[in-house]
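Presented below is the structure to which this report refers.
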Amino acid sequence: MPELPEVETIVRQLRPRLVGRTILGASVLWPRTLAGISARAFTTGLRGARIREVRRRGKFFVIALANGGRPAGHLVGHLRMSGRLVLAPRASEARSTHDRVRVKLDGQDLIFSDVRKFGRLWLTPRLERVLGSLGPEPLAPQFTAAWLAAGLRARARQLKPLLLDQRFLAGLGNIYVDEALHAARLHPLMRCDRVDAAGARRLHAAIRRVLAAAIRREGSSFDAFYRTPEGQPGRYQHQFRVYGRAGRPCRSCGAPIARLVVGQRGTHICPRCQRLSGGRRARSASSGR
DNA sequence: ATCCTATCCTGGCTGC
DNA sequence: TGCAGCCAGGATAGGA
């Protein structure tokens, strides 16, 4: 599913092809794709706008617009499970069955297509209304090991649901959380406030390393969903150490990878590399509440 | 504060 | 072979 590395790849490929161009209009084929705006208002709001910036925040893509040199709001999108962004030659009669919104540019359409219809688009003058509750960017300088350690200490949730919570940290999804937890040798069910300082440092480094490596390989594709705007699959799926590898040997220790369910999500761990730390002794000794 | 469940959707898979 | 039913999966809302 598109997580931070996939959205980053999409944004990097689209940026040079979109910045500076003018939007001529839009056609909305599945109105529920639009969040809090009618198809008419969406189309009217986009018409004549110039694209001044294309960037990413968490798993959202953000297209900043201008009109006559003045800021004219933001076209923001979330791909959720199966959304794609594609830049295709104008061919209004050749629309695919899964196209939900087509933004008309000179000679081309920027197509938001989405098999499962979970993806959403916003057009808003107040970017903060959409992105305001997001936690920090894991690749930004503000995301330090000390910040992470303090954040883990400050709550009492299971590690994996916390890392999936976009208000805590923006951009991780099911795949990269599983990969980062394995790289940090931490169990997804561990209570976050029981992670020690060394564990927090390992997790911080693992999150950054996994995300950077996935961006380098243009994201992960293991089903029919994620493709780059150029139509290519990502290549990071070949580097997976746990995700989707249930029953196969751990690449670190050889033990079979296990699949469990954590917070309603399929979760993959190496039961030998990732133990619920402490065991009986440490647990009873530290159970203050 | 945190957890749990339902909701939104469809294609692919399982089992009969 | 055909079909019904189940399931994944990100985010959010509402209830416990």
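Excluded from the calculations below are hydrogen atoms, water molecules and symmetry mates; all remaining heavy atoms, backbone and side chain alike, are included. Each chain gets a letter, A, B and so on, in the order the sequences are listed, and its residues count up from 1.
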Review point. So what does A:Arg80 touch, heavy atoms closer than 4.0 Å: a base, only the sugar-phosphate, or nothing?
Key: base
Exercise for review: Please work out if A:Tyr243 contacts a base, only the sugar-phosphate, or nothing of the nucleic acid, heavy-atom cut-off 4.0 Å.
Suggested key: sugar-phosphate
I want to check one thing: is the phosphate of [N], taken as OP1 and OP2, less than 4.0 Å away from some side-chain N or O of [X]?
| X | N | answer |
| --- | --- | --- |
| A:Gln166 | C:dA11 | yes |
| A:Arg259 | C:dA8 | yes |
| A:Arg191 | B:dT2 | no |
| A:Arg155 | B:dT2 | no |
| A:His78 | C:dA11 | yes |

**Study point:** Any residue of residues 116-134 of chain A with a heavy atom less than 4.0 Å from an atom of DNA chain C
**Key:** A:Arg116, A:Phe118
To the nearest Å, give me how far apart [atom1] ([X]) and [atom2] ([N]) are.
| X | N | atom1 | atom2 | answer |
| --- | --- | --- | --- | --- |
| A:Arg84 | B:dG11 | CZ | P | 13 Å |
| A:Leu164 | B:dT2 | CG | C1' | 15 Å |
| A:Glu3 | C:dG10 | CD | P | 6 Å |
| A:Phe225 | C:dG9 | CZ | C1' | 9 Å |
| A:Asp165 | C:dA11 | CG | C1' | 10 Å |
| A:Lys160 | B:dC3 | NZ | C1' | 16 Å |
| A:Met81 | C:dC7 | CE | P | 15 Å |
| A:Gln264 | B:dC8 | CD | P | 17 Å |

Main chain of [Y], side chain of [X]: is a donor-acceptor contact present, judged purely on distance under 3.5 Å?
| X | Y | value |
| --- | --- | --- |
| A:Arg120 | A:Lys117 | yes |
| A:Asn174 | A:Gly266 | yes |
| A:Gln166 | A:Gly171 | yes |

Exercise for review: Take A:Pro161 and A:His98, find for each the nucleotide of DNA chain B with the closest heavy atom, and name the residue whose nucleotide sits nearer the 5' end.
Suggested key: A:Pro161
Review point. Atom NE2 in A:His74, atom CZ in A:Arg57: separation rounded to 0.5 Å?
Key: 13.0 Å
Check your understanding: Between A:Trp122 and A:Ala35, what is the shortest heavy-atom contact and its length?
Key -> NE1-CB, 3.4 Å
Point to revise | Closest approach of A:Cys250 to A:Cys273 (non-hydrogen atoms, all atoms of both residues) | key: SG-SG, 3.7 Å
Study note, to complete from the structure: Looking only at B:dT2, C:dG10, B:dT5, the nucleotide nearest the A:Arg265 side chain is C:dG10
Revision key, fill the gap. With the side chain defined as heavy atoms from C-beta on, A:Val115 is closest, among B:dC9, B:dT10, C:dG9, to B:dT10
Check your understanding: When you check the side-chain N and O atoms of A:Glu6 and A:Tyr176, is any donor under 3.5 Å from an acceptor?
Key -> yes
Exercise for review: Decide whether A:Arg17 and A:Gln108 meet the rule of one side-chain donor and one side-chain acceptor closer than 3.5 Å.
Suggested key: no
Check your understanding: Is there a Watson-Crick or G-U wobble partner for B:dA1 with both distances under 3.5 Å, and if so, which one is it?
Key -> none
